[in-house]
Amino acid sequence: MPKKSQYRFCAGPWNFSEGRDPYGPETRPSESFDGRLAALKKLGFDAMMFHDDDAVPDIDSKSEAQIIKEAKALKKRLDGEGVAAEMVAPRLWFAPQTIDGAYTSNSKKDRQYAIDRSRRTIDIAKILGTDLIVLWLAREGTYIRESKDAGRCVDYLVEALDAMLAHDKKARLCIEPKPNEPMDHAYIPTIGHALAIAQLSRDPKRVGCLIESAHAILAGLDPSDEIEFAMRFGKLWSLHLNDQNGLKFDQDKPFGSANLRVAFNQVRTLERTGYGKNGEFICFDVHPFRTTRPEQLIAHLDNSRKTFLRLVEKAETYPEKQANALIAARNHQDLDQLVLEHLMGR
Ligand code: GLO
Ligand code: MG
């Protein structure tokens, strides 16, 4: 089981966002890529996660040769800084071709665009030294149910997974479920759906999942149960820890910010199941608040890690014996209070 000092931390360049929301513009200046990398180094994070176009900006306007050249240059920079690339994810929710879905678009041409772009993502990942491809299926779902054929969309998703698996025999696909936003209803809303669709692919062993705390909460589920479930299948290959206050827009709050007990249970589960033993990273998919001042741009990452490590201590010192006695006696009233007292520091 990894000890707290052995956990390795990771974040993405998008986690230094500028404060824009659907109702108002940016509230902070944009930090350069170099600035973001330097910030992660300053924090002592071990890795960065990438969208394909974080790694190669304006990817759609570039030739394969140019994409490879730029990915190689980035790899050199990362090596120079001693920062690893944890994963690469195709950003399939910006382009005009993905307005009506990416892999599940009604247009054959647009589905092909999504698959071709995913293949480029895999090429980039290989150059950056990671086999992990994260698939947040942002636009695979419905706004207008009657506009899509849900059964056919399962076939389309499997076709896309198969095309990616065939493209590189080493690539591992890591599905990041989210039940809604931007879609009204997503086709792969939970870990159960992700692991089920993996079974339909040509190589289920290379299709796993990524749990984001906020996404589980948005699905009305407990993230620690989702973690435990995925770990039982040996399929939890990455993790986006953050927090979320109930069923509303995706908040990406600092880890533990909305519900410390839910955060504690996630950490306890990670400790108990040995997450990280095979090199998996603790990634924080958190954003600064809209009100955060520019000089505090990395505080949400630093604070998330601090809370995580404090909760590792809490998991290590959890009074198991006492808790087990209460469980055996079905004394849930005192068990509940024991957990609260432990978290409050007594
Ligand atoms: C949004 C997702 C998003 C992904 C990222 C990686 O809700 O959490 O941040 O994790 O784009 O694909
Ligand atoms: Mg995420």
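Order of appearance sets the numbers: ligands from 1, and atoms from 1 within every ligand.
Remark: the W237 side chain and the N278 side chain contain no N/O donor-acceptor pair separated by less than 3.5 Å. Remark: the D34 side chain and the S32 side chain contain no N/O donor-acceptor pair separated by less than 3.5 Å. Side chains of Q66 and E70: a donor-acceptor N/O pair is present below 3.5 angstrom, by distance only. For the residue pair Y103 / S118, a side-chain donor-acceptor distance below 3.5 Å is found, with atom types taken as modelled. Judged by distance alone, the side chains of D243 and Q251 never bring a donor and an acceptor atom under 3.5 Å apart. Defined by atom type and a distance below 3.5 Å, a donor-acceptor pair is present between the side-chain atoms of D252 and N242.
Heavy atoms of R91 stay at 4.0 angstrom or farther from ligand 1. Residue contacts with ligand 1 include W93, since one or more of its heavy atoms lies under 4.0 Å from the ligand. Assignment of H51 to the shell around ligand 1 is supported, since a heavy atom sits closer than 4.0 Å.
Among all protein heavy atoms, the one lying closest to atom 2 (C) of ligand 1 is E176 OE2, 3.6 Å. Scanning the protein for heavy atoms near atom 9 (O) of ligand 1, the closest one is D285 OD2, 2.8 Å. What sits closest to atom 8 (O) of ligand 1 on the protein, heavy atoms only, is E212 OE1, 2.7 Å.
Heavy atoms of D252 found under 4.0 angstrom from ligand 1: none, in either backbone or side chain.
Interface of H215 with ligand 1, defined as ligand atoms under 4.0 Å from a residue heavy atom, comprises 1 (C), 2 (C), 7 (O), 8 (O). Less than 4.0 angstrom separates some heavy atom of A89 from each of these atoms of ligand 1: 12 (O). The atoms of ligand 1 that sit less than 4.0 Å from any heavy atom of K178 are 1 (C), 7 (O).
The main-chain N or O of P57 is found under 3.5 Å from a side-chain atom of K62 such that the two form a donor-acceptor pair.
Between R261 and D336, at least one side-chain nitrogen of the basic residue sits less than 4.0 Å from a carboxylate oxygen of the acidic one, meeting the salt-bridge criterion.
Taking 2.8 Å as the criterion, D252 does not count as a coordinating residue of the Mg ion (ligand 2), since none of its N, O or S atoms falls below it.
Taking the Mg ion (ligand 2) as reference, E176 places its N/O/S atom OE2 nearest. Within E212, the N, O or S atom at minimum distance from the Mg ion (ligand 2) carries the name OE1.
By the 30° and 60° cut-offs, the orientation of the rings of F33 relative to F50 is tilted.
The ND1 atom of H240 and the OD2 atom of D285 meet at the Mg ion (ligand 2) at an angle of about 90°, given to 10°.
Polar contact check, H240 against ligand 1: a nitrogen or oxygen pair lies under 3.5 Å apart.
Between H51 and W93, the ring center distance clears the sub-6.0 Å criterion.
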